[in-house]
Amino acid sequence: MKYILGFRQYLHSPKSYEDLKQIIHGQKKYFSPDEGFLTIVAVCGDNPRDFLEDEGLRSSVAFYDYAPWEESAKRVAGVFARSIHKPQRVQIIHYNERPLGLTYPLELLVQIANSLNAEHLAVSDSDFQLSYSEIRRVYDHHIANADPDEIVITYPRRQPRSLDTERYPINRWAMEDLENMYIYFLSDLKVLNSKPDFQSGLSITTRAANKILNFDNVGSWIGNLHMAIQVIRNKGRLDKDFVVKTNVQHESTINFDVQCAKIDQLYRYYMIPLSNIVELALEHPDKYLMEDWTTGMSKEEIAETIKKIEAMNRRYLEEKIKKHLQKK
């Protein structure tokens with residue numbers, strides 16, 4: 001297969017089961033194998049075997065249950081690439097019964113793309129914040145503009161940045177912006193000029209880009225951010241201005257604790273504390289923060305929003321240290 005479309009999915013709720021059905025039903029219409037596409041769903045959480053049987057979907061998929069192994073992404077990818085069958089069907093890989101974060105499924109799909117020598121790899125969230133048709137539009141744009149042997153990564157630009165904010169104690173748009181600042185400072189400050197949307201839930205990489213990616217010792221939640229940093233550091237091209245329409249996000253696996261864990265992992269891997277990022281954001285909000293939440297706000301109001309994130313993140317870290325000490 002020349003092109004891979006990979007979905008990462010945490011199967012655990014009625015909505016996630018409906019999303020899986022939608023992936024399977026829409027595959028042939030939007031990403032037909034006759035056009036060279038291979039569709040893979042990297043699943044953690046519930047084992048989907050019974051669901052596929054009960055819904056009459058078993059004949060539409062090839063199912064691989066690797067969860068009992070609890071093996072590394074690299075090992076699972078190698079075994080899958082050697083045993084792949086019925087590629088015209090949706091390939092479902094159940095890799096673990098526990099949610100392992102965002103890095104594992106990303107690394108798994110990158111390793112599979114490398115093993116199969118795929119020209120391009122798209123990795124998407126499975127919640128259909130971007131519809132099937134929008135994912136296909138982005139993929140067509142990427143294929144038309146990226147040579148597979150050039151290091152290129154495509155991040156579409158959401159309009160609007162639709163985010164689930166229910167039960168969220170902080171401004172999620174501001175939090176995303178602070179996370180994105182790590183990419184700016186660890187790769188290329190020129191990227192700042194256009195404020196790319198690194199966390200749209202969809203990325204598309206070329207074969208050359210996949211070959212340079214390395215996720216060794218990368219935290220469980222920061223694989224996507226780390227991928228962007230690696231591509232830019234290797235003089236790759238960032239395709240960042242293709243605009244997509246988004247659906248309302250009703251359910252997200254990224255809660256406040258996960259976002260704090262992302263910041264903590266970025267600090268541990270790159271040794272840049274959040275306080276440094278916050279200081280720069282407050283000094284130059286126009287340069288670092290997106291207008292979809294700052295428009296109409298005073299500098300003081302923006303500072304209050306950012307400082308609240310910093311304070312709550314500090315409390316998260318204090319609680320984490322306290323729990324760690326209690327275990328000793």
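Remark: side-chain polar atoms of Lys86 are not paired, donor with acceptor, to backbone N or O of Val61 under 3.5 angstrom. No donor-acceptor pair closer than 3.5 Å links the side chain of Arg8 to the backbone N or O of Thr103. Remark: side-chain polar atoms of Gln88 are not paired, donor with acceptor, to backbone N or O of Ser32 under 3.5 angstrom. Side-chain atoms of Ser200 do not come within 3.5 Å of backbone N or O of Arg157 as any donor-acceptor pair. Side-chain N or O atoms of Lys245 include none that pairs as donor or acceptor with a backbone N or O of Ser131 at under 3.5 Å. Side chain of Trp221 to backbone of Ala261: no donor-acceptor contact under 3.5 angstrom is found. Between the side chain of Asp125 and the backbone N or O of Asp127, no donor-acceptor pair lies under 3.5 Å.
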*So Glu304 and Lys307, salt bridge (charged side-chain N to carboxylate O under 4.0 Å, His left out) or not? Walk me through it.*
CA-CA 5 Å; Glu304 183 180 347; Lys307 284 290 187 181; over 6 Å; no
_Does Leu130 form a side-chain contact (heavy atoms from CB on, under 4.5 Å) with Thr246? I'd like the steps, not just the answer._
CA-CA 5 Å; Leu130 297 182; Thr246 57; 3.7 Å; yes
_As a quick check of understanding, evaluate salt bridge (charged side-chain N to carboxylate O under 4.0 Å, His left out) for Asp292 and Arg158, giving each step before the final call._
CA-CA 11 Å; Asp292 57 1; Arg158 289 167 292 174; over 6 Å; no
*Full working for side chain to side chain donor-acceptor pair (under 3.5 Å) between Glu150 and Thr206*: CA-CA 7 Å; Glu150 175 193 5; Thr206 57; over 6 Å; no
*Decide yes or no on salt bridge (charged side-chain N to carboxylate O under 4.0 Å, His left out) for Lys322 and Glu319, but give the supporting numbers first.*
CA-CA 5 Å; Lys322 187 188 297 183; Glu319 277 298 311; 3.3 Å; yes
*Test side-chain contact (heavy atoms from CB on, under 4.5 Å) on Met227 and Asn224 and set out the steps.*
CA-CA 5 Å; Met227 176 171 67; Asn224 186 63; 3.4 Å; yes
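Linking ILVMFWY residues whenever their side-chain heavy atoms come closer than 4.5 Å, directly or via other members, leaves Leu202 and Ile153 in distinct clusters. Under the 4.5 Å side-chain contact rule for hydrophobic residues, Tyr267 and Met175 do not share a cluster. Val123 and Phe128 are assigned to two separate hydrophobic clusters, defined by single-linkage of ILVMFWY side chains at heavy-atom distances under 4.5 Å. Both Ile277 and Ile263 are part of a single hydrophobic cluster, where members link through side-chain heavy atoms under 4.5 Å apart. Hydrophobic clustering, with ILVMFWY side chains joined whenever heavy atoms are under 4.5 angstrom apart, keeps Tyr95 apart from Leu11.
Summarising the hydrophobic clusters (Ile, Leu, Val, Met, Phe, Trp, Tyr; side-chain heavy atoms under 4.5 Å, direct or chained), the residues clustered with Met290 are none. Connectivity analysis of hydrophobic side chains (ILVMFWY, heavy atoms under 4.5 Å, direct or indirect) links Val243 to nothing; its cluster partners are none.
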Would you tabulate the side-chain donor-acceptor contacts of residues 75-83 under 3.5 Å, counting partners in other chains and residues two or more places apart, or write 'none'?
from  : atom 1 : to    : atom 2 : distance (Å)
Arg75 : NH1    : Glu71 : OE2    : 2.9
Arg82 : NH1    : Gly78 : O      : 3.3
Ser83 : OG     : Tyr66 : OH     : 3.4
Ser83 : OG     : Val79 : O      : 2.8

Identify all side-chain donor-acceptor contacts of residues 39-59 below 3.5 Å with residues at least two apart in sequence or on another chain.
from  : atom 1 : to    : atom 2 : distance (Å)
Asp46 : OD2    : Tyr17 : OH     : 2.7
Asn47 : OD1    : Arg49 : N      : 2.9
Asn47 : ND2    : Asp65 : OD2    : 3.1

Side-chain donor-acceptor pairs of residues 112-119 under 3.5 Å, sequence neighbours excluded:
from   : atom 1 : to     : atom 2 : distance (Å)
Asn114 : ND2    : Asn210 : O      : 3.2
Ser115 : OG     : Gln111 : O      : 3.0

Just distance, no hydrogens or angles: give the donor-acceptor pairs under 3.5 Å from side chains in residues 141-149, sequence neighbours left out.
from   : atom 1 : to     : atom 2 : distance (Å)
His141 : ND1    : Asn145 : ND2    : 3.3
His141 : NE2    : Asp239 : OD1    : 3.3
His141 : NE2    : Asp239 : OD2    : 2.8
His142 : ND1    : Thr154 : OG1    : 2.7
His142 : NE2    : His120 : ND1    : 2.9
Asn145 : ND2    : His141 : O      : 2.7
Asp147 : OD1    : Asp149 : N      : 2.7
Asp149 : OD1    : Arg207 : NE     : 3.1
Asp149 : OD1    : Arg207 : NH2    : 3.0
Asp149 : OD2    : Arg207 : NH2    : 3.2

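Atoms NE2 and CD, from His94 and Gln9 in turn, are 10.5 Å apart once rounded to the nearest 0.5 Å. The OH atom of Tyr288 lies 5.0 Å from the CG atom of Leu280; values are rounded to the nearest 0.5 Å.
Asn313 and Phe256 get closest at one heavy-atom pair: N-CZ, 4.3 Å. Taking each heavy atom of Phe7 and Ser126 in turn, the nearest pair found is CD2-CA, 4.0 Å. Between Leu186 and Ile272, the closest heavy-atom pair is CD2-CD1, 3.6 Å. Considering all non-hydrogen atoms of both residues, Ile222 and Lys262 come closest at CG2-O, 3.5 Å. Nearest heavy-atom pair across Ala174 and Trp293 is CB-CZ2, 3.4 Å. Among all heavy-atom pairs drawn from Gln27 and Pro33, the shortest one is NE2-CG, 3.6 Å.
Considering only residues two or more places apart in sequence or on other chains, Lys299 meets the side-chain contact (heavy atoms from CB on, under 4.5 Å) condition with Pro285. For Tyr182, the ring pair (Phe, Tyr, Trp, His ring centres under 6.0 Å) criterion is met by no residue, not counting sequence neighbours. Evaluation of the side-chain contact (heavy atoms from CB on, under 4.5 Å) rule for Ala303 yields Leu282 as partners, not counting sequence neighbours. In this structure His284 satisfies the ring pair (Phe, Tyr, Trp, His ring centres under 6.0 Å) test with no other residue, sequence neighbours excluded. Shown here are the side-chain contact (heavy atoms from CB on, under 4.5 Å) partners of Lys29, two or more places apart in sequence or in another chain: there are none. Listed by chain and number, the residues in a ring pair (Phe, Tyr, Trp, His ring centres under 6.0 Å) with Tyr155 are Phe198 (sequence neighbours excluded).
Contact check for Glu134 versus Tyr30: no side-chain heavy atoms found under the 4.5 Å cut-off. Residues Ile170 and Gln259 form a side-chain contact, since some pair of their non-hydrogen atoms from C-beta on lies under 4.5 Å apart. Residues Gln230 and Val218 have side chains not in contact (no heavy-atom distance under 4.5 Å, counting atoms from C-beta outward). You'll find the side chain of Leu38 reaches within 4.5 Å of the side chain of Ile84, heavy atoms only. In this structure, the side chains of Leu213 and Val231 come closer than 4.5 Å at one or more pairs of heavy atoms. Within the 4.5 Å cutoff, side-chain heavy atoms of Ile92 are placed close to those of Leu20.
In this structure, a donor-acceptor pair under 3.5 Å is present between the side chains of Ser220 and Gln265. With hydrogens and angles left out, the side-chain atoms of Asn180 and Gln199 include a donor and acceptor closer than 3.5 Å.
By the 30° and 60° cut-offs, the orientation of the rings of Phe31 relative to Tyr132 is tilted.
Under a 4.0 Å N-O distance rule, the pair Lys21/Glu18 qualifies as a salt bridge.
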